[in-house]
**Student:** 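Before I ask anything, here is the structure I am working with.
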Amino acid sequence: MINKTLFFTYFYLFVYILLSSGVILYNKWVLSPKYFNFPLPITLTMIHMGFSGAVAFFLVRVFKVVSPVKMTFEIYATCVIPISAFFASSLWFGNTAYLHISVAFIQMLKALMPVATFLVAVICGTDKARCDVFFNMLLVSVGVVISSYGEIHFNVVGTVYQVTGIFAEALRLVLTQVLLQKKGLNLNPITSLYYIAPCSFVFLFVPWYLLEKPVMEVSQIQFNFWIFFSNALCALALNFSIFLVIGRTGAVTIRVAGVLKDWILIALSTVIFPESAITWLNIIGYAIALCGVVMYNYIKVRDVRASQSPAEIIPDRMTKDWKFEKRSSDLYVPDDVSNNGGSGGGNGSLSDMNFDEEAPLISSSRVSHIGRMQLANHATGK
């Protein structure tokens, strides 16, 4: 008989892989002129942000599933606004890339995410330059270059958009670490959407008004409510599936699931979108890049474990059980209860989070640093 806990672990992993791949393919289908033909990536991103922000508002203010954090104007102005700006930029550029390059090639370019994050972190002083990490970053870069050289339908514009989106996401991650960790702000998936999604929507309004509004006025753009509703719903569901995955699995499992998801997505994209053919040079280059990414994550996991004291190193199962017990504190607690004990705070924050950029936003304040980092690094992102 299959263990119930093990069953749910693999079930959550399956749901995560399904949603992550599905959202990417769905976005490509919606945006591509050859299919649904809605070539307005900023508009699509704004729909995601508006829907996610609205759902988060109802969950926080109406249904009180979680309670809002103590957000001052100073924290909002110095932390939430700049983070939202880079987050909106990463989604904008990432979605625009779908108009020019294939899903398979986009996934290969996403292998550059650890490189971008490491470079930005070193420049900002949150990480130190090291020879072993530099070698891995070089290996990833060489692999991506080989993969790009083997791309049949290489497009400079699409590649620039995707790489720019990757560096925007790297800036968001580092900025989040620098700003929110120093403020001690803890955000779970719902509260992060509650604060950041509306702000990202506002930032996207300016480029939308200048670039896409004139196009919508002169072109006959089809708008199907159910298509966009289901698309936004999938993106929102991806956030929560990631939250479930990082609470149920360890670093190694997450890493394997990420690699599996990437290869499945590349294979599926060539079937669903026949024009996105891949070559052996693509595959070889991407395999080299993935080797570098896996080695980089191994080094990071090793460093985290080395920095832990013996008392902190407890069995994985115990760690997971502790995380599930603590997660109940994310639920809304009435005033009369919270005044007699409250819902204890966590040490983590929105930082370390870089999951699929296909998801509007994801943050957990009570998951292990290793788990967050591993699921973050394999993606990539919308």
**Student:** If the condition is ring pair (Phe, Tyr, Trp, His ring centres under 6.0 Å), which residues does Phe228 pass it with, not counting sequence neighbours?
**Tutor:**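 Phe228 satisfies ring pair (Phe, Tyr, Trp, His ring centres under 6.0 Å) with Phe36, Phe38, Phe223 once adjacent residues are dropped.
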**Student:** Can you measure from OG (Ser102) to CD1 (Ile152) and round to the nearest 0.5 angstrom?
**Tutor:**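 Spacing of OG (Ser102) from CD1 (Ile152) equals 9.5 Å.
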**Student:** If you round to the nearest 0.5 Å, how far is CG of Leu13 from NZ of Lys261?
**Tutor:**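 Atom-to-atom, Lys261:NZ and Leu13:CG are 13.0 Å apart.
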**Student:** List the residues meeting side-chain contact (heavy atoms from CB on, under 4.5 Å) with Leu281, not counting sequence neighbours, and say none if there are none.
**Tutor:**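 Partners of Leu281 by the side-chain contact (heavy atoms from CB on, under 4.5 Å) criterion, ordered by chain and then number, come out as Ile146, Tyr149, Thr279.
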**Student:** Kindly list each side-chain donor-acceptor pair under 3.5 angstrom involving residues 199-209, sequence neighbours excluded, with atom names and distances?
**Tutor:**
unit_1: Ser200; atom_1: OG; unit_2: Ser84; atom_2: O; d: 3.4
unit_1: Ser200; atom_1: OG; unit_2: Ile196; atom_2: O; d: 3.0
unit_1: Trp208; atom_1: NE1; unit_2: Thr43; atom_2: OG1; d: 3.1

**Student:** Which residues satisfy the side-chain contact (heavy atoms from CB on, under 4.5 Å) test with Ala289, sequence neighbours excluded?
**Tutor:**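 side-chain contact (heavy atoms from CB on, under 4.5 Å) check on Ala289 returns Ala111, Val140, Val144.
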**Student:** Listing request: all ring-ring contact (aromatic ring centres under 6.0 Å, His included) pairs with a residue in residues 265-290, at least two apart in sequence or in separate chains.
**Tutor:**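 Found Tyr35-Phe273, Trp263-Tyr286.
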**Student:** State the CG-OG distance between Leu265 and Ser20, to the nearest 0.5 angstrom.
**Tutor:**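 With rounding to 0.5 Å, CG (Leu265) is 7.0 Å from OG (Ser20).
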**Student:** Measure the CZ-CG distance between Phe154 and Asn282 for me, rounded to the nearest 0.5 Å.
**Tutor:**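 These two atoms lie 11.0 Å from each other.
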**Student:** According to a hydrophobic-cluster definition based on side-chain heavy atoms being under 4.5 Å apart (Ile, Leu, Val, Met, Phe, Trp, Tyr only), do Leu139 and Val293 belong together?
**Tutor:**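 No; tracing contacts between hydrophobic side chains, which count when under 4.5 Å, never links both residues.
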**Student:** Starting from Ile264, can I reach Phe105 by hopping between I/L/V/M/F/W/Y residues whose side chains sit under 4.5 Å apart?
**Tutor:**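 Same hydrophobic cluster.
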**Student:** So which pairs with a foot in residues 185-214 pass salt bridge (Lys or Arg N to Asp or Glu O under 4.0 Å), sequence neighbours left out?
**Tutor:**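 Applying salt bridge (Lys or Arg N to Asp or Glu O under 4.0 Å) to every pair that reaches into residues 185-214, excluding sequence neighbours, yields Lys213-Glu217.
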**Student:** Name all residues meeting the side-chain hydrogen bond (donor to acceptor under 3.5 Å, both in side chains) criterion together with Arg302; count only those two or more places apart in sequence or in a different chain, and write none if there are none.
**Tutor:**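 For Arg302 there are no side-chain hydrogen bond (donor to acceptor under 3.5 Å, both in side chains) partners, ignoring immediate neighbours.
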**Student:** With sequence neighbours excluded, what pairs up with Thr78 under the side-chain contact (heavy atoms from CB on, under 4.5 Å) test?
**Tutor:**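 Scan of Thr78 (side-chain contact (heavy atoms from CB on, under 4.5 Å), adjacent residues dropped) gives Glu74, Lys183.
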**Student:** Holding to ring pair (Phe, Tyr, Trp, His ring centres under 6.0 Å), I want the full list of residues that pass it with Tyr194, two or more places apart in sequence or in another chain.
**Tutor:**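 Partners of Tyr194 by the ring pair (Phe, Tyr, Trp, His ring centres under 6.0 Å) criterion come out as none, since no residue qualifies.
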**Student:** Parallel, tilted or perpendicular: which one describes the rings of Phe93 and Tyr161, with boundaries at 30° and 60°?
**Tutor:**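 Aromatic pair Phe93/Tyr161 classed tilted.
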**Student:** What pairs of donor and acceptor atoms, side-chain ones from residues 123-133 against any protein atom, are under 3.5 angstrom apart with sequence neighbours left out?
**Tutor:**
unit_1: Thr126; atom_1: OG1; unit_2: Ala121; atom_2: O; d: 3.3
unit_1: Asp127; atom_1: OD2; unit_2: Lys300; atom_2: NZ; d: 3.0
unit_1: Arg130; atom_1: NE; unit_2: Asp132; atom_2: OD1; d: 3.3
unit_1: Arg130; atom_1: NH1; unit_2: Asp303; atom_2: OD2; d: 2.6
unit_1: Arg130; atom_1: NH2; unit_2: Asp132; atom_2: OD2; d: 2.8
unit_1: Arg130; atom_1: NH2; unit_2: Asp303; atom_2: OD2; d: 3.3

**Student:** Distance check, rounded to the nearest 0.5 Å: Ser147 atom OG versus Leu290 atom CG?
**Tutor:**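 The distance works out to 10.0 Å.
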**Student:** Going by the rule side-chain hydrogen bond (donor to acceptor under 3.5 Å, both in side chains), which residues pair with Asn231 if we only count those two or more places apart in sequence or in a different chain?
**Tutor:**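 Checked Asn231 against side-chain hydrogen bond (donor to acceptor under 3.5 Å, both in side chains); matches are Asn27, His48.
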**Student:** My understanding is that only residues two or more places apart in sequence, or in another chain, count here; which of them pass side-chain contact (heavy atoms from CB on, under 4.5 Å) with Lys34?
**Tutor:**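 side-chain contact (heavy atoms from CB on, under 4.5 Å) list for Lys34, sorted by chain: Ser32, Glu275.
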